[in-house]
**Student:** 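First the structure, then my questions, so here it is.
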Amino acid sequence: MTADDKLLTVPEVMARLKISCSTVYDLIRTRRLASITIGRARRIRAHALNALVHHQLAEAAR
(Lines give C-alpha, C1' and ligand atoms only; values in the text may rest on other atoms or scores of the structure.)
Protein backbone atom coordinates (compact mmCIF):
# COMPACT_ATOMS: atom_id res chain seq x y z
CA MET A 1 0.00 0.00 0.00
CA THR A 2 1.42 3.38 -1.01
CA ALA A 3 0.98 6.59 0.95
CA ASP A 4 -1.73 7.70 -1.52
CA ASP A 5 -3.65 4.46 -0.95
CA LYS A 6 -3.77 4.95 2.82
CA LEU A 7 -7.27 5.29 4.25
CA LEU A 8 -7.75 8.12 6.71
CA THR A 9 -10.43 8.56 9.34
CA VAL A 10 -12.47 11.73 9.67
CA PRO A 11 -10.50 12.75 12.81
CA GLU A 12 -7.23 12.28 10.88
CA VAL A 13 -8.51 14.53 8.09
CA MET A 14 -9.66 17.06 10.70
CA ALA A 15 -6.20 17.08 12.25
CA ARG A 16 -4.36 17.37 8.94
CA LEU A 17 -6.49 20.27 7.69
CA LYS A 18 -7.15 21.78 11.14
CA ILE A 19 -10.89 21.98 10.44
CA SER A 20 -14.00 20.83 12.29
CA CYS A 21 -15.80 17.54 11.97
CA SER A 22 -18.83 19.24 10.44
CA THR A 23 -16.63 20.86 7.79
CA VAL A 24 -15.16 17.48 6.81
CA TYR A 25 -18.64 15.99 6.52
CA ASP A 26 -19.78 19.04 4.53
CA LEU A 27 -16.90 18.46 2.08
CA ILE A 28 -17.98 14.83 1.79
CA ARG A 29 -21.68 15.69 1.43
CA THR A 30 -20.98 18.21 -1.35
CA ARG A 31 -18.73 15.67 -3.08
CA ARG A 32 -15.65 17.87 -2.89
CA LEU A 33 -13.93 15.17 -0.82
CA ALA A 34 -14.36 11.59 -1.98
CA SER A 35 -14.90 8.98 0.70
CA ILE A 36 -16.09 5.43 1.22
CA THR A 37 -18.13 3.80 3.94
CA ILE A 38 -17.02 0.50 5.41
CA GLY A 39 -19.76 -0.70 7.72
CA ARG A 40 -20.49 2.42 9.74
CA ALA A 41 -16.99 3.84 9.35
CA ARG A 42 -16.21 6.65 6.91
CA ARG A 43 -12.77 6.55 5.28
CA ILE A 44 -10.98 9.02 2.98
CA ARG A 45 -8.10 8.06 0.72
CA ALA A 46 -4.99 10.19 1.26
CA HIS A 47 -5.00 10.76 -2.51
CA ALA A 48 -8.50 12.30 -2.30
CA LEU A 49 -7.36 14.62 0.47
CA ASN A 50 -4.31 15.68 -1.56
CA ALA A 51 -6.54 16.28 -4.60
CA LEU A 52 -8.83 18.51 -2.53
CA VAL A 53 -5.92 20.57 -1.23
CA HIS A 54 -4.41 20.98 -4.72
CA HIS A 55 -7.80 21.99 -6.13
CA GLN A 56 -8.35 24.54 -3.37
CA LEU A 57 -4.86 25.98 -3.94
CA ALA A 58 -5.48 26.24 -7.68
CA GLU A 59 -8.80 28.01 -7.05
CA ALA A 60 -7.15 30.43 -4.63
CA ALA A 61 -4.46 31.28 -7.19
CA ARG A 62 -7.03 32.44 -9.73
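Just so it is clear, the structure is predicted and the values come from calculations on it, not from any experiment. Quick note: residue numbers are just sequence positions, from 1.
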**Student:** Please tabulate, one pair per line, all N/O donor-acceptor pairs under 3.5 Å involving side-chain atoms of residues 8-20, not counting sequence neighbours.
**Tutor:**
unit_1 : atom_1 : unit_2 : atom_2 : d
T9     : OG1    : E12    : N      : 3.2
T9     : OG1    : E12    : OE1    : 3.4
E12    : OE1    : T9     : N      : 2.8
S20    : OG     : S22    : OG     : 3.1
S20    : OG     : T23    : N      : 3.2
S20    : OG     : T23    : OG1    : 2.9

**Student:** List the atom of I44, the atom of A34, and the distance in Å for their closest heavy-atom pair.
**Tutor:**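 Shortest heavy-atom contact: CG2-O, 3.6 Å.
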**Student:** Indicate if L33 and L57 have the same hydrophobic cluster label, given that clusters are the connected sets of ILVMFWY residues with side-chain heavy-atom separations under 4.5 angstrom.
**Tutor:**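 Yes, L33 connects to L57 through the hydrophobic network.
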**Student:** Which distance, rounded to the nearest 0.5 Å, do you find between the CZ of R32 and the CD of Q56?
**Tutor:**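 Interatomic distance, R32 CZ to Q56 CD, rounded to 0.5 Å: 6.5 Å.
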**Student:** Which heavy atom of I38 sits nearest to which heavy atom of I36, and what is that distance?
**Tutor:**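 I38 and I36 have their closest heavy atoms at CD1-CD1, 3.8 Å.
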**Student:** Do L7 and I28 land in one hydrophobic cluster if side-chain heavy atoms of ILVMFWY residues count as linked below 4.5 Å?
**Tutor:**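 No; I28 is not reachable from L7 via cluster members.
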**Student:** Would you please test D5 and H47 for side-chain contact (heavy atoms from CB on, under 4.5 Å) and show each step?
**Tutor:** CA-CA 7 Å; D5 290 335; H47 176 73; over 6 Å; no
